[in-house]
Novice: 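I'd like to ask you about the structure that follows.
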Amino acid sequence: MKLILHYIRRHLNLFLTAITFLTIEAIADLLQPAIMERIVDKGVKEANISQILTYGGVMICIAAIGAFGAIMRNIYASRTSQTVSRELRSDLYKKVQTLSLENIDHLQPAAIITRITNDVTQIQDFVNGCMRIMAKAPITCIGAMVLLALQTPWQIPVMTAILLIAAVLIFANIRLGYPRFGFMQQKLDRLNKVSREFLSSIRVVKAFQAEDIEMEKFKEASQGLATATTSAMQIMAVFSPLINLTVNLGIVLLLWLSRNQNSQIGHLMASVNYMTQILFSLGMVSNILNTAARATASSQRLNEILQEIPSQIMVQNEISTVREGDIRFENVSFTYSGASQETLHHITFQAAPGTTIGIIGPTGSGKSTLVNLIPRFYDATYGTIQVDGIDVKQISPKDLRTAVAIVPQKALLFSGTILENLRWGSQDASQAEIEASARIACAHDFILDTPKGYHTVLGQGGVNLSGGQKQRLALARALVRHPKILILDDCTSALDAATESKVLSGLRAMNGITVFLISQRISAVRQADKILCLENGKIQGFGTHAELMSRCSTYQAIYASQIGGDDNG
Ligand code: ADP
């Protein structure tokens with residue numbers, strides 16, 4: 001709740017304006033039965049037309065004022081709740097951007113999405129609901145009770161008893177509903193996770209004809225959500241009618257007790273009307289408290305993101321510290337959080353500025369993990385990594401990530417034109433610079449072959465391109481940034497041997513850029529200045545192709561396994 005109050009406080013003016021209009025609306029509602037009573041008892045009963053017209057006119061005026069209040073309250077309530085949810089979403093988004101990959105692994109991407117979308121919507125509904133009833137329910141409820149009590153004091157004990165029973169029911173509703181709504185959101189996380197996994201790997205699912213397995217997973221997640229939602233809704237389904245029933249029985253009881261009171265008909269009508277208003281406001285209170293239970297569960301989940309302590313401390317230097325691209329790993333070990341074993345063990349090597357370092361080793365040997373430590377996607381658990389003699393932890397993330405460009409194996413492109421995707425590397429790049437980078441990445445020719453060249457629009461994730469074309473665009477995008485350090489994480493795997501070799505010789509011809517080239521293929525790394533051979537997170541050899549061929553058994557084994565494949569020595 002603190003979180004919600006914090007955001008409401010930021011827009012207190014809007015909030016209070018909505019509440020003011022709501023108060024006008026509530027007072028107008030409250031006056032209607034009293035005027036009706038006069039029309040009936042003084043006008044209709046005594047056949048006094050002028051009384052009917054006077055009070056009728058007053059009634060229309062008050063109804064018009066009430067309607068105006070309701071319209072304005074709606075406008076301000078929507079504006080406030082939309083502003084609160086927009087700010088909350090953008091604060092969450094900003095926070096997520098400051099988190100390390102370790103934090104993201106911990107929070108889980110699917111759960112982050114549910115929180116930024118669904119949980120924020122719960123809070124938006126609650127804030128909106130507050131401005132519908134916050135002042136209205138108490139004003140209507142208390143006002144109607146006071147007016148009733150003034151007219152008929154003997155009704156006070158009966159009304160108090162009815163309200164006490166309703167309050168107990170509302171309290172029980174909240175106590176039972178709250179944990180169920182939290183559980184419901186967790187099930188929604190799970191459904192989002194399963195759907196996301198399925199949609200992002202739909203080709204693999206189809207290729208392996210695994211639709212049935214995925215369907216089963218989806219059904220189970222969907223069933224989980226349905227069960228959790230039903231369980232939460234059942235609570236509402238039981239309590240809402242119970243609360244209504246209590247107040248309705250109360251009305252019947254009061255009418256029964258009024259039978260000997262010799263009341264005027266208009267007076268009786270007003271009493272029933274006030275009781276209905278009390279019933280209506282109790283219903284609203286019970287509804288908003290249900291929304292509050294959901295919003296509290298949601299705000300707790302949002303707080304988990306907002307209060308997540310970034311696992312990395314970032315320094316903020318204004319001066320650019322990366323000039324050469326000299327990289328040193330000093331006795332670096334790394335363990336993923338929650339993992340029982342180290343992924344990298346005592347890694348020590350140096351990459352001189354402007355050189356190309358090939359990294360080779362079996363799948364799972366730690367190649368990607370090693371390069372991910374350079375731009376600080378993760379921090380080394382032990383040891384230090386230095387860029388130009390400075391510990392990466394002492395370099396501002398902006399500086400470090402301007403200097404280091406990474407091209408992952410799975411090229412991630414965005415919907416938009418090819419040009420927009422390439423410019424993502426650097427907004428200030430000229431067309432000539434972009435084309436030069438595309439030429440080095442062997443992308444220029446195929447770009448010109450697309451229907452609108454650099455202005456061809458790509459679908460989400462670049463669906464209208466082949467794997468190799470996506471990789472070449474991702475490489476061109478990285479080159480547009482003119483990085484000092486370029487990390488190619490097996491990003492030429494989808495290229496044919498001839499194109500790969502052309503791309504690599506283009507990269508070698510670039511001066512002053514330190515390249516890390518991860519590949520499974522000897523043919524890709526053999527020309528590198530030095531090759532790092534990894535196995536089970538340990539360095540097995542570090543040297544030129546010739547050196548490793550003479551003294552590194554792991555390298556020799558990889559070489560032997562590929563002879564007659566795509567490499568013939
Ligand atoms: P390679 O690039 O050589 O194929 P990786 O660096 O991707 O190897 O992975 C090395 C090891 O670290 C593997 O055992 C993998 O399961 C584990 N690993 C990779 N990423 C994570 C992660 N985010 N959390 C936990 N373990 C991971």
Side-chain angles (χ1 to χ4, degrees), residues 96 99-113 193 196-197 200-201 204 308 310-312 327 329 331-349 351 356-383 385 392 404-412 467 471 474-475 478 485-495 500 515-526 528 530-542 548 552-555 557-559 561-562:
V96 170
L99 297 176
S100 67
L101 291 187
E102 191 180 338
N103 292 121
I104 304 280
D105 288 347
H106 168 231
L107 291 167
Q108 296 186 5
I112 296 177
I113 294 175
K193 189 174 169 202
R196 228 173 71 106
E197 267 179 12
S200 59
S201 56
V204 184
E308 173 87 5
S311 64
Q312 294 179 323
I327 310 275
F329 273 61
N331 201 16
V332 170
S333 295
F334 178 77
T335 311
Y336 280 104
S337 86
S340 53
Q341 283 183 338
E342 264 187 359
T343 298
L344 295 175
H345 313 275
H346 309 291
I347 305 285
T348 301
F349 72 93
T356 296
I357 308 292
I359 303 180
I360 198 163
T363 311
S365 55
K367 303 184 294 295
S368 299
T369 306
L370 185 146
V371 293
N372 280 341
L373 300 182
I374 302 171
R376 285 192 76 195
F377 288 160
Y378 295 92
D379 276 341
T381 319
Y382 188 80
I385 297 153
V392 282
V404 183
I406 190 157
V407 188
Q409 182 181 13
K410 194 166 173 237
L412 287 172
Q471 286 192 334
L475 175 58
I485 301 147
L486 177 65
I487 298 170
L488 308 177
D489 189 351
D490 213 1
C491 71
T492 53
S493 59
L495 304 187
E500 183 182 50
V515 179
F516 287 86
L517 173 66
I518 294 183
S519 180
Q520 306 275 353
R521 297 191 276 202
I522 295 265
S523 60
V525 295
R526 61 177 299 167
K530 292 257 175 93
I531 302 162
L532 188 78
C533 182
L534 272 184
E535 192 171 22
N536 294 328
K538 290 193 189 115
I539 295 186
Q540 303 297 323
F542 184 57
L548 293 185
C552 175
S553 58
T554 312
Y555 191 77
I558 299 171
Y559 182 83
S561 71
Q562 291 182 5

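Start at 1 and go down the list; that is how both ligands and their atoms are numbered.
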Novice: For Asn103 and Ser100, which I'm curious about, is there any donor-acceptor pair between the side chains at under 3.5 Å?
Specialist: yes

Novice: So, Lys367 side chain and Leu534 main chain: donor-acceptor pair closer than 3.5 Å or not?
Specialist: no

Novice: Does Tyr336 offer a backbone N or O that forms a donor-acceptor pair with the side chain of Glu102 under 3.5 Å?
Specialist: no

Novice: Please list, in number order, the atoms of ligand 1 under 4.0 Å from a heavy atom of Tyr378.
Specialist: 23 (N)

Novice: I'd like to check which ligand 1 atoms, numbered from 1 as shown, lie under 4.0 Å from a non-hydrogen atom of Thr363.
Specialist: 4 (O)

Novice: Identify the two heavy atoms, one from Ala528 and one from Ile357, that lie closest to each other, and give their separation to 0.1 Å.
Specialist: CB-C, 4.3 Å

Novice: Out of Phe377, Phe334, Tyr336, whose heavy atom sits nearest atom 22 (C) of ligand 1?
Specialist: Tyr336

Novice: Pick out which of Asn536, Thr335, Leu373, Ile539 makes a side chain to side chain contact (heavy atoms under 4.5 Å, CB included) with Leu344.
Specialist: Leu373

Novice: Please confirm whether Ala339 approaches ligand 1 to less than 4.0 Å, judged on its heavy atoms.
Specialist: no

Novice: List every atom of ligand 1 that sits less than 4.0 Å from any heavy atom of Pro362, numbering the atoms from 1 in the order shown and giving each element.
Specialist: 3 (O)

Novice: Take every heavy atom of Gly338, measure it against each atom of ligand 1, and state whether any distance is under 4.0 Å.
Specialist: no

Novice: Got a donor-acceptor contact below 3.5 angstrom from the Gln562 side chain to the Ile522 backbone?
Specialist: yes

Novice: At under 4.0 Å between heavy atoms, is it the side chain or the backbone of Thr343 that contacts ligand 1, or both, or neither?
Specialist: side chain

Novice: Please report whether ligand 1 has a polar contact with Ser365, defined as an N or O pair separated by less than 3.5 Å (distance criterion only).
Specialist: yes

Novice: Considering only the protein, which heavy-atom contact is closest to atom 7 (O) of ligand 1, and what is its distance?
Specialist: Ser368 CB, 3.8 Å

Novice: Scan the protein's non-hydrogen atoms and note whether one is under 4.0 Å from atom 15 (C) of ligand 1.
Specialist: no

Novice: Just to confirm my output: which protein heavy-atom neighbour is closest to atom 4 (O) of ligand 1, and how far is it?
Specialist: Gly364 N, 2.8 Å

Novice: Roughly how far, to the nearest 0.5 Å, is CD of Gln540 from CD1 of Ile360?
Specialist: 13.0 Å

Novice: Below 4.0 angstrom from a heavy atom of Asp105, which ligand 1 atoms are there? Numbered from 1 as shown, please.
Specialist: 23 (N)

Novice: Rounded at 0.5 Å granularity, tell me how far CD in Gln409 sits from CD in Gln471.
Specialist: 7.0 Å

Novice: Specify whether Phe329 and Phe349 have parallel, tilted or perpendicular ring planes, treating 30° as the upper limit for parallel and 60° as the lower limit for perpendicular.
Specialist: parallel

Novice: Going by the order shown, which atoms of ligand 1 are within less than 4.0 Å of some heavy atom of Lys367?
Specialist: 1 (P), 2 (O), 3 (O), 4 (O), 6 (O), 8 (O)

Novice: Among Val407, Leu488, Val371, which residue satisfies the side chain to side chain contact (heavy atoms under 4.5 Å, CB included) criterion with Ile518?
Specialist: Val371

Novice: At under 4.0 Å between heavy atoms, which part of Asp489 makes contact with ligand 1: side chain, backbone, both or neither?
Specialist: neither

Novice: Provide the number and element of each atom of ligand 1 under 4.0 Å from a heavy atom of Thr369.
Specialist: 5 (P), 6 (O), 9 (O), 10 (C)

Novice: Does the protein place a non-hydrogen atom closer than 4.0 angstrom to atom 20 (N) of ligand 1?
Specialist: yes

